[in-house]
Amino acid sequence: MTTPTLPLIGLSDDEKQILTMLRSDLMNQRLKLELLDAYFNGEQLIRDLGISIPPQLKGLHTVIGWPRIGVEALEQRLDLEAFRWADGSDGSELDEIAESNDWFDEASLGHLDALTYGREYVTVGSADDPDSPPLITFESPLDMTLDWDARLRVPRFALRESLDKWDFGLAPDERLISLYMPGETIFAVEVNGGWEVIDRDQHRLGMPPVLRMANRQRTADRVGKSEITPEVMSITDAACRRLMGMEVAAEFFGAPQRYILGASESAFQDAEGNAKSAWETYIGRVLALERDEDGQVPTVGQFTAHDPSGQTKIIDLYARIMATQLGLPPHMLGYTSDNPASADAIRSSEAMLVKKAERRIRRFGATHREAMRLALWFRNGEPPDRSRRIETVWRNPATPTLAAQTDAAVKLAQAGIVPADSDVLLEMAGLNEDQRRRVAADRRRAQGNALLDRLAQQSEEDSTEPEVDDGDLGL
C-alpha cells in the first residue's frame with residue numbers, strides 16, 4: 001500500500017510527469033531563443049569564410065542592427081491604450097485592473113518579446129492583498145512554456161522556471177518553479193533532487209490562468225515564429241562580413257601604397273648602416289632620395305587607392321533586400337536615393353508595415369481581452385458574461401496627417417453619419433484615450449455652464465417682468 005502524498009508537501013506522480021515534460025520542452029527551446037536574442041542585441045557570432053580576413057584581425061567584430069530595427073519598427077506601432085465594454089457601459093473596473101498592473105507599459109514589453117522570440121506569455125493570479133485587483137504579468141519564453149490544446153485553443157498545463165525568488169526567502173542557488181494546473185497554481189522548489197511545495201493557489205478555473213501571445217501562427221504551428229527569420233539572419237551575417245571586409249581594407253589601404261624603382265640600398269639604411277623600419281622609410285626617405293652612381297633619380301610611384309564604393313553598393317543592395325524581408329521602407333535601414341520621396345510615396349512604402357501591424361493588433365488584442373476576462377474571473381469569483389464583449393483600444397498604426405484625419409471626421413459629422421459629439425470622431429481625429437476623456441469632461445463642464453447661464457438669464461427675465469394690475473385687466 002502506497003502512502004498518499006500530501007498536497008501541500010510534495011508533488012503527485014502526475015504533477016511530476018507534467019513538470020518533467022514541460023521542463024524538457026523549455027530546455028529544448030532555450031538555445032533557439034537565445035540565438036534570436038543574440039541577433040536582436042547584435043551579439044551573434046559571424047562565421048568567417050577564411051578568405052579575406054587575415055589571422056591578425058580575427059578578433060575584429062562588426063555589428064549591424066537591422067534585426068532590432070525591424071522588430072522595434074513594428075512594435076512601435078502597437079500601442080495599446082485602453083480597455084472598454086463594447087456596449088458602452090462603465091468600464092471603471094477594467095481601468096482599475098489595467099492601471100494597478102501598469103498594463104499598457106508592460107504590454108509594449110510583451111509585444112517586443114513576442115515579435116523577437118515568436119511568443120510571449122501572460123499570466124493571471126491572485127494578489128497578495130485580497131482587496132487588491134488580480135495580478136497580471138508578462139513572462140518571457142526563456143523562462144516559461146505551456147502545453148497547448150489545439151482543438152479547444154486553450155492551454156492544458158504551463159510552467160515557469162526562473163531564479164527570481166519573489167518573496168519566498170529562498171537560497172541564492174535554489175530554483176523556483178510555478179506549475180500552472182487547471183485547478184491550481186503550484187509553487188515549488190527543488191530540494192535534494194526532489195520538489196518541495198511552497199504554496200498552492202487554488203483558483204478552480206478549470207484551466208491554467210496562462211495565455212500565449214503568439215506571432216506569425218500557422219495551423220500546423222500554434223507556437224509562433226519570430227520576425228527574425230532565417231532570411232533576416234543570413235542577410236545580416238552577409239552585411240556584417242561586408243562591413244568587416246571594409247574595415248580590413250581600410251587597415252591595408254588607409255595609407256597610399258608606393259613603389260620605388262632604381263633606388264640604392266643606402267636609401268633604406270640609417271647613418272650607421274642599419275636597416276630602417278618600414279614606417280621610417282615611408283615617412284622619411286621616400287620623399288628625399290639621392291641620385292645613384294649613374295646620376296639617375298629613382299622612380300617613385302603610387303598604386304591606385306582602394307575605392308570602397310563597390311562595397312557600399314553591395315551593402316545598399318543588402319539593405320533593400322532586408323527592407324523587403326522586414327516589410328520596412330528602405331530609408332529606415334539607411335538606404336537613401338538622390339531624389340527625396342514624396343509624402344504619398346512614403347505612405348505607400350509603409351503599406352506593408354502598417355498591414356503587419358494591423359494583423360498583430362488583431363492577434364495580440366485577442367490575448368489581451370482574454371487576459372482581462374481571466375482577471376475579472378479572479379476578481380469576481382465567476383466568469384464574466386460572454387455576451388458582454390471587451391474591446392481593446394489601439395492607436396492607429398498608420399501615419400496619416402493630422403489634417404487628413406480631422407477632415408475625415410468633420411465630413412462624417414457634416415453628413416450626419418456620426419453624431420458631432422460622438423467619441424468615435426475624437427478617435428478618428430487621432431486623440432488618445434486620455435485626451436478623449438479630457439474632451440468629454442470639458443464638454444460636460446461646458447454643458448453645465450451653459451445650463452447655469454440659461455437658468456440665470458431666465459431668473460433675471462422673471463425678476464424684471466412688470467407686475468400686472470387687476471384694474472388693467474378690467475377686473
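Not measured: the values here are computed from a predicted model.
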Give the minimum heavy-atom separation between [X] and [Y], together with the two atoms involved.
{"X": "Ala73", "Y": "Leu328", "result": "CB-CD2, 3.7 Å"}
{"X": "Leu243", "Y": "Val63", "result": "CD1-O, 4.4 Å"}
{"X": "Arg389", "Y": "Arg373", "result": "CA-NH2, 3.7 Å"}
{"X": "Pro134", "Y": "Val124", "result": "CB-CG1, 4.4 Å"}
{"X": "Phe378", "Y": "Leu205", "result": "CE1-CD1, 3.3 Å"}
{"X": "Pro155", "Y": "Leu146", "result": "CB-CD2, 4.1 Å"}

Could you give the distance from [atom1] ([X]) to [atom2] ([Y]), rounded to the nearest 0.5 Å?
{"X": "Arg204", "Y": "Trp377", "atom1": "CZ", "atom2": "CH2", "value": "13.0 Å"}
{"X": "Met322", "Y": "Leu317", "atom1": "CE", "atom2": "CG", "value": "11.5 Å"}
{"X": "Leu179", "Y": "Leu22", "atom1": "CG", "atom2": "CG", "value": "6.5 Å"}
{"X": "Leu159", "Y": "Met181", "atom1": "CG", "atom2": "CE", "value": "11.0 Å"}
{"X": "Leu26", "Y": "Asp143", "atom1": "CG", "atom2": "CG", "value": "7.5 Å"}
{"X": "Ile315", "Y": "Cys240", "atom1": "CD1", "atom2": "SG", "value": "9.5 Å"}

Quick check on [X]: does its [atom1] atom have over 12 non-hydrogen neighbours (other residues, nucleotides or ligands) under 6.0 Å away?
{"X": "Arg438", "atom1": "CZ", "result": "no"}
{"X": "Leu31", "atom1": "CG", "result": "no"}
{"X": "Arg359", "atom1": "CZ", "result": "no"}

Looking at side-chain heavy atoms only, is the closest gap between [X] and [Y] below 4.5 Å?
{"X": "Thr367", "Y": "Arg212", "answer": "no"}
{"X": "Met233", "Y": "Ile228", "answer": "yes"}
{"X": "Pro397", "Y": "Ile361", "answer": "yes"}
{"X": "Thr229", "Y": "Arg216", "answer": "yes"}
{"X": "Arg119", "Y": "Gln29", "answer": "yes"}
{"X": "Asp201", "Y": "Glu184", "answer": "no"}
{"X": "Thr137", "Y": "Val122", "answer": "no"}
{"X": "Leu376", "Y": "Leu94", "answer": "yes"}

Q: Provide the full list of salt bridge (Lys or Arg N to Asp or Glu O under 4.0 Å) pairs with a residue in residues 375-387, sequence neighbours left out, each pair given once.
A: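 The answer is Glu96-Arg379, Glu370-Arg386.
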Q) How would you list all residue pairs meeting salt bridge (Lys or Arg N to Asp or Glu O under 4.0 Å) that involve residues 64-75, not counting sequence neighbours? A)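 Sorted pair list: Arg68-Glu72.
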Q: Let me see the working for Tyr117 and Ser226 under side chain to side chain contact (heavy atoms under 4.5 Å, CB included), right down to the final yes or no.
A: CA-CA 5 Å; Tyr117 299 121; Ser226 170; 5.9 Å; no
Treating [X] as the side-chain partner and [Y] as the backbone partner, does any N or O pair qualify as donor plus acceptor under 3.5 Å?
{"X": "Ser24", "Y": "Met21", "result": "no"}
{"X": "Asn41", "Y": "Glu43", "result": "no"}
{"X": "Asp221", "Y": "Gln217", "result": "no"}
{"X": "Thr236", "Y": "Val232", "result": "yes"}
{"X": "Asp37", "Y": "Leu33", "result": "no"}

Q: Could you tell me if the ring centre of Tyr318 sits under 6.0 Å from that of Trp66?
A: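 No: the rings miss the under 6.0 Å criterion.
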(Q) Quick one, Glu139 with Thr145, criterion side chain to side chain contact (heavy atoms under 4.5 Å, CB included). Give me CA distance, side-chain angles, the key distance, then yes/no. (A) CA-CA 9 Å; Glu139 303 291 348; Thr145 187; over 6 Å; no
Q: Verify side chain to side chain contact (heavy atoms under 4.5 Å, CB included) between Leu115 and Glu120, making sure each step is shown before the conclusion.
A: CA-CA 9 Å; Leu115 298 175; Glu120 175 77 349; over 6 Å; no
State whether a side-chain donor-acceptor pair under 3.5 Å links [X] with [Y].
{"X": "Gln325", "Y": "Glu231", "value": "no"}
{"X": "Arg388", "Y": "Ser89", "value": "yes"}
{"X": "His368", "Y": "Trp103", "value": "yes"}
{"X": "Glu106", "Y": "Ser108", "value": "no"}
{"X": "Ser92", "Y": "Asp90", "value": "yes"}

Please list, chain by chain and in numerical order, all residues satisfying side-chain hydrogen bond (donor to acceptor under 3.5 Å, both in side chains) with [X], sequence neighbours excluded.
{"X": "Glu227", "value": "Asn215, Lys356, Arg360"}
{"X": "Arg362", "value": "none"}
{"X": "Arg320", "value": "Tyr335"}
{"X": "Trp394", "value": "Thr392"}

Q.
Can you classify the ring geometry of Phe364 versus His111 as parallel (below 30°), tilted (30 to 60°) or perpendicular (above 60°)?
A.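 Taking His111 first and then Phe364, their aromatic rings lie parallel (interplane angle under 30°).
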(Q) Go through it in stages, so that I can follow the logic: the residues are Asp147 and Arg156, the test is salt bridge (charged side-chain N to carboxylate O under 4.0 Å, His left out), and I'd like the CA-CA distance, side-chain angles, deciding distance and then a yes or no. (A) CA-CA 6 Å; Asp147 182 56; Arg156 284 189 284 256; 2.6 Å; yes
Q: Show the numbers, then the answer: is there a side chain to side chain contact (heavy atoms under 4.5 Å, CB included) between Leu11 and Trp195?
A: CA-CA 7 Å; Leu11 297 176; Trp195 293 97; 3.6 Å; yes
